[in-house]
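From a predicted model like this one, the values you see are computed outputs, not experimental measurements.
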Amino acid sequence: MCGIVGLMANQAVNQALYDAMTVLQHRGQDAAGMMTWHEGRFLLRKSNGLVRDVFHTRHMARLKGHLGIGHVRYPTAGSSSEAESQPFYVNSPYGIALAHNGNLTNSEQLKQELFSTDLRHINTSSDSEVLLNVFAHELGKQGLHLDPEDVFDAVRRVHRRCRGGYAAVSIINGVGLVAFRDPNGIRPVVFGSRQDGDRQDVMIASESVALDVGGFELHRDLAPGEAIFVDMQGNIHTQMCADRPKLAPCIFEHVYLARPDSILDGAYVYGTRMEMGRRLGDRIKSEWPEHDIDVVIPIPDTSRTSALELAQHLGVTYREGFMKNRYIGRTFIMPGQTQRKKSVRQKLNAIDIEFRDKNVLLVDDSIVRGTTCKQIIQMAREAGARKVYFASAAPPVRFPNVYGIDMPAANELIAHGRSEAEVGELIGADRIFYQDLEDLKSACRAVNPSLDDFDCSVFDGAYVTGDIDEAYLSELEASRNDAAKLVNVGDHALVGMHNQDDDLD
């Protein structure tokens, strides 16, 4: 889960990219980077940290140009070293920069091909660098001068070589801005424009909120397998570049990842979360018609929309019972279990009066490791709750994600191999309710009926790319468990990487 943005404009793009990256910050808090193109040169600033901490006035002043891309990152497999931050860049051919959201499931195979056949060297453990080099190699086959068809032919060959979920934005030196989406449309990407005199500015981003903040009109999502090319005159070219495209977007975007004010594949995220609350309320009514719930309290922030609809559906009082420290990052994407445990108490504080002598239903968007909700349930009891029930707006998360979300090793998922009742007992809830998977799909289709299929692999273990087996999951587990991440962080700390703030010819 990362955030990407690209912009071709008639004026300097640095501030608009910064603003877009700020509203995409929820998609990655580990690192941020921006690369602009100016008079044949690439200008780069990237480092670990939030957008506001990475970019200072002196950096923004250097990031000249009317064309640029930006990225906010959080790590999945691999490390959180600054060397892994994006955008990445290659000199040959032309000079190409790229930022990527997602995960290539055949990155190891591609690395071997790039070394032995394409004669290219990969310098990091990031599959984004792999994707860049594949794209660069395929572009190099098109000759010295590129037209739109040349770009689309190269993307077509990228899709044939690369598997997984990915959305990417790229600058080709002196040629234009390119973006493309994987043939299953797993990871989101949209584009839009705003008029500036006789020409139009064009923005491409992970979520529509990035366009909103810049005053851009949303045109649409890129279709699965589609590419968009914006030439140096600002003309937009699009083409389907996949042989067998099929839209199966990641449903967890609607559960947790995306901002509620975003539109993904024609569906307002706010609307889908409202529907999740209604359907979860229906399940509680069906399973427990004589419930004794006194108050519904969301665990801020993602679950608020669902929790409010659930409370209204049940006819139960809705209250805000936790105050959130907004200067603590999202615990779901923190690299180690110890850090997550420590951050929950720093992040939330219970309002005792809303819990004292009440039967409380806590609502969260999902339960992944169970670490956070277990501590929150204990906080509710310490605040005086008689009974604490727990509801998840998503089904049980039982399988790792392989398409760019840091769902950890299967044995770190609390619902893996356990029943719902067993999960409730482990987290200390008096009763637990999960969303039904078909109800979750229906909630999204209620907002956009044209959404037929989804990637629901974290819930049902069905990986839409069809290339995931037990051997792959075992290797993934070895690289993603918390112990491995701590080793990676330590190893890369010894390298002594510095902040990257460079001019690139």
**Request:** List the steps and the verdict of salt bridge (Lys or Arg N to Asp or Glu O under 4.0 Å) for Arg156 and Asp153.
**Result:** CA-CA 5 Å; Arg156 190 169 290 110; Asp153 284 345; 2.8 Å; yes

**Asked** Where do Glu207 and Leu264 land on the side-chain contact (heavy atoms from CB on, under 4.5 Å) test, with the steps shown first?
**Response** CA-CA 7 Å; Glu207 295 184 32; Leu264 301 181; 4.2 Å; yes

**Item:** Stepwise side-chain contact (heavy atoms from CB on, under 4.5 Å) test for Arg45 and Met60
**Value:** CA-CA 9 Å; Arg45 166 65 181 171; Met60 296 294 284; over 6 Å; no

**Request:** Take Ser366 and Val368, measure what side-chain contact (heavy atoms from CB on, under 4.5 Å) needs, and give me the verdict at the end.
**Result:** CA-CA 6 Å; Ser366 58; Val368 181; 4.1 Å; yes

**Request:** Step by step, work out the side-chain contact (heavy atoms from CB on, under 4.5 Å) result for Ile405 and Leu257.
**Result:** CA-CA 9 Å; Ile405 306 173; Leu257 301 181; 3.4 Å; yes

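Here salt bridge (Lys or Arg N to Asp or Glu O under 4.0 Å) pairs that include residues 256-265, with residues two or more places apart or in two chains, are Arg181-Asp265, Arg259-Asp261. Sorted by first and then second residue, the pairs that involve residues 118-129 and meet salt bridge (Lys or Arg N to Asp or Glu O under 4.0 Å), not counting sequence neighbours, are Asp118-Arg161.
In terms of modelled atom types and a separation under 3.5 Å, the side chain of Asn103 and the main chain of Val402 share a donor-acceptor contact. The backbone N or O of Lys64 sits less than 3.5 Å from a side-chain atom of Thr36, completing a donor-acceptor pair. The main-chain N or O of Met34 is never found under 3.5 Å from a side-chain atom of Lys46 such that the two would form a donor-acceptor pair. Panel note: side chain Ser170, backbone Ala97; a donor-acceptor pair is recorded below 3.5 Å. Panel note: side chain Gln142, backbone His145; no donor-acceptor pair is recorded below 3.5 Å. At least one donor-acceptor pair closer than 3.5 Å links the side chain of Arg157 to the backbone N or O of Glu138. Distance alone, capped at 3.5 Å, places no donor-acceptor pair between the Asp365 side chain and the Val255 backbone. Judged by distance alone, with hydrogens and angles left aside, the side-chain atoms of His38 form no donor-acceptor pair with the main-chain N or O of His66 at under 3.5 Å. The main-chain N or O of Ile263 is never found under 3.5 Å from a side-chain atom of Tyr270 such that the two would form a donor-acceptor pair. Listed for the Asp150 side chain is a donor-acceptor partner under 3.5 Å among the backbone atoms of Asp147.
Using a 4.0 Å cut-off between charged side-chain N and carboxylate O, Glu253 and Arg187 make a salt bridge. Between Asp301 and Lys324, at least one side-chain N (NZ, or NE/NH1/NH2) sits under 4.0 Å from a carboxylate O, which counts as a salt bridge. Residues Arg220 and Glu226 are paired through a salt bridge, judged by an N-O separation under 4.0 Å between the basic side chain and the carboxylate.
Checked against the 6.0 Å centroid threshold, Tyr166 and His159 count as a close aromatic pair.
The distance from the CD1 atom of Ile171 to the CE atom of Met35 is 7.5 Å, given to the nearest 0.5 Å. For the atom pair CD1 of Ile186 and SG of Cys250, the computed distance is 8.0 Å after rounding to the nearest 0.5 Å. Here the CE-CG distance, from Met8 to Asp201, works out to 10.0 Å after rounding to the nearest 0.5 Å. Atom CG of Leu104 and atom OG1 of Thr465 lie 11.0 Å apart (nearest 0.5 Å). In this structure, CG on Leu114 lies 10.0 Å from CG on Leu119, to the nearest 0.5 angstrom. The distance from the CE atom of Met379 to the CZ atom of Phe322 is 5.5 Å, given to the nearest 0.5 Å.
Taking the ring-ring contact (aromatic ring centres under 6.0 Å, His included) definition, one finds that Phe216 meets it with nothing, sequence neighbours left out. Partners of Phe454 by ring-ring contact (aromatic ring centres under 6.0 Å, His included), not counting sequence neighbours: none found. A search for ring-ring contact (aromatic ring centres under 6.0 Å, His included) contacts involving Phe135 returns Phe180, not counting sequence neighbours. Residues meeting the ring-ring contact (aromatic ring centres under 6.0 Å, His included) test with Phe55, sequence neighbours left out: none.
Around the CG atom of Asp53, the shell of radius 6.0 Å holds more than 12 heavy atoms that belong to other residues, nucleotides or ligands. Heavy-atom contacts from other residues, nucleotides or ligands closer than 6.0 Å to NZ of Lys111 number more than 12. Atom OH of Tyr94 is surrounded by more than 12 heavy atoms from other residues, nucleotides or ligands within 6.0 Å. For His56, the NE2 atom counts as densely surrounded, since its 6.0 Å shell holds more than 12 non-hydrogen atoms of other residues, nucleotides or ligands.
Between the side chains of Glu113 and Gln109, at least one donor-acceptor pair of N or O atoms lies under 3.5 Å. Between Glu84 and Ser125, the side chains place a donor N or O and an acceptor N or O closer than 3.5 Å (distance only, hydrogens not considered). Between the side chains of Arg73 and Gln29, no donor-acceptor pair of N or O atoms lies under 3.5 Å. Residues Glu217 and Gln195 have side chains that never bring a donor and an acceptor to within less than 3.5 angstrom of each other. No hydrogens or angles considered: nothing links the side chains of Gln200 and Asn10 as a donor-acceptor pair under 3.5 Å. Using modelled atom types and a 3.5 Å distance limit, the side chains of Thr105 and Tyr403 yield no donor-acceptor pair.
Cys444 approaches Thr272 most closely through the heavy-atom pair CA-CG2, 3.8 Å. Among all heavy-atom pairs drawn from Gln86 and Ser128, the shortest one is NE2-OG, 2.8 Å. Nearest heavy atoms, Ala258 versus Arg273: O-NH2, 2.7 Å. A pairwise comparison of heavy atoms in Pro249 and Leu451 identifies CG-CD2, 4.4 Å as the closest pair. In terms of heavy atoms, Pro224 sits closest to Gly185 at CB-N, 3.4 Å. Heavy-atom minimum distance, Arg199 versus Met232: NH2-O, 3.4 Å.
In this structure, the side chains of Asn173 and Ile96 stay at 4.5 Å or more apart for every pair of heavy atoms.
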